[in-house]
Amino acid sequence: MTHRFIIRTAIIFGALTALVPGVVLGDELAKKGSTSYTTNYVFSPMGYNRIKGVGRVIALRLYGTTTNTKGEAAFDKMKAKCFAIKVETGSKSNFNGACTLTDADGDAVFSTFDSRDLDESQPEMDCGTHIIIGGTGKYKGITGTEPFACIFAGATAVGEPFEDYRVDIPHNTTWEIK
């Protein structure tokens, strides 16, 4: 290959990248919509405090990736990172926290979640609800809700020693970007 050919190819590729960013850099998200996706998480404990006979609190780091279950581009192949607090009292347990989903372009969606906030219209989504607070880049101005379910794989029972474990979390998300 000649030096000129390489330079010409680079210029053409650069021009195509600038003219067709939706194809090269990722699809733009619709301003309003809904979809379903699953995040495959690893829950990792960072520390805990226990009062025998009363309860315990566990600080968690969650990390994983998303897969759009409808085969759509929205919320697909994003990296998820969350921090949460799990509170156990007697036989009851709940967890709350915040998550960031980041796409291949580096744009992110930020949400909080509460396992006590259930959407009664979606009884199969029985683990809690994410509230989408905002985002960066193509997600700037995004808000919405994401009721979710929890499918535990090798999870630790309440009161047992706590170790890393996998959790698949299906979400039904509805969003709007203003």
Hey, does [Y] have a side-chain heavy atom less than 4.5 Å from the side chain of [X]?
X    : Y    : value
H171 : T35  : no
I169 : C150 : yes
H130 : D114 : no
T67  : D76  : yes
L62  : F83  : no
R166 : D168 : yes
I58  : R56  : yes
D105 : K138 : yes

Which pair of heavy atoms, one from [X] and one from [Y], lies closest together, and at what distance?
X    : Y    : value
E124 : A149 : O-CB, 3.5 Å
E72  : S34  : OE1-O, 4.2 Å
A108 : T102 : CB-OG1, 3.9 Å
P170 : M125 : O-SD, 3.8 Å

Under 3.5 Å, side chain of [X] to main-chain N/O of [Y], donor-acceptor pair present?
X    : Y    : value
T136 : D107 : no
N68  : A74  : yes
S44  : R61  : no

Review point. Relative to the ring of F113, is the ring of F95 parallel (under 30°), tilted (30 to 60°) or perpendicular (over 60°)?
Key: perpendicular
Exercise for review: Just do the side chain to side chain contact (heavy atoms under 4.5 Å, CB included) check on T173 and T145 with the steps written out, would you?
Suggested key: CA-CA 6 Å; T173 183; T145 59; over 6 Å; no
Point to revise | N172 and Q122: CA distance, side-chain angles, deciding distance, side-chain hydrogen bond (donor to acceptor under 3.5 Å, both in side chains) verdict | key: CA-CA 9 Å; N172 286 338; Q122 299 183 56; 2.7 Å; yes
Point to revise | Option from I142, I177, T112, L101 for which side chain to side chain contact (heavy atoms under 4.5 Å, CB included) with I132 holds | key: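 Exactly one candidate clears the test, I142.
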Point to revise | NZ/NE/NH1/NH2 to OD/OE distance under 4.0 Å, K77 and D103 | key: no
Exercise for review: Evaluate the side chain to side chain contact (heavy atoms under 4.5 Å, CB included) criterion for residues I85 and V57: first the C-alpha distance (whole Å), next the side-chain angles of each, then the deciding distance (0.1 Å), finally the verdict.
Suggested key: CA-CA 7 Å; I85 299 293; V57 61; 3.2 Å; yes
Review point. For E120, does the CD atom have more than 12 heavy-atom neighbours from other residues, nucleotides or ligands under 6.0 Å away?
Key: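 No, because the 6.0 Å sphere around CD of E120 holds 12 heavy atoms or fewer from other groups.
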Check your understanding: With D117, which residues qualify under side chain to side chain donor-acceptor pair (under 3.5 Å), at least two apart?
Key -> none
Practice item. Determine whether F148 and F152 fall in the same hydrophobic cluster, where Ile, Leu, Val, Met, Phe, Trp and Tyr are linked whenever their side-chain heavy atoms lie under 4.5 Å apart. Key: yes
Exercise for review: Give a yes or no on whether V167 and Y48 share a hydrophobic cluster (residues Ile, Leu, Val, Met, Phe, Trp, Tyr; joining criterion: side-chain heavy atoms under 4.5 Å apart).
Suggested key: yes
Check your understanding: Among pairs that include at least one residue of residues 57-78, which meet ring-ring contact (aromatic ring centres under 6.0 Å, His included), considering only residues two or more places apart or in two chains?
Key ->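 Checked against ring-ring contact (aromatic ring centres under 6.0 Å, His included) - neighbours excluded - the pairs reaching residues 57-78 are Y37-F75, F75-W175.
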Review point. Got a second to check how far K178's NZ is from K140's NZ, nearest 0.5 Å?
Key: 15.5 Å
Review point. Given the rule in the side chain to side chain contact (heavy atoms under 4.5 Å, CB included) test, do F43 and C82 qualify, once you have shown the distances and angles that lead to the verdict?
Key: CA-CA 9 Å; F43 280 41; C82 310; over 6 Å; no
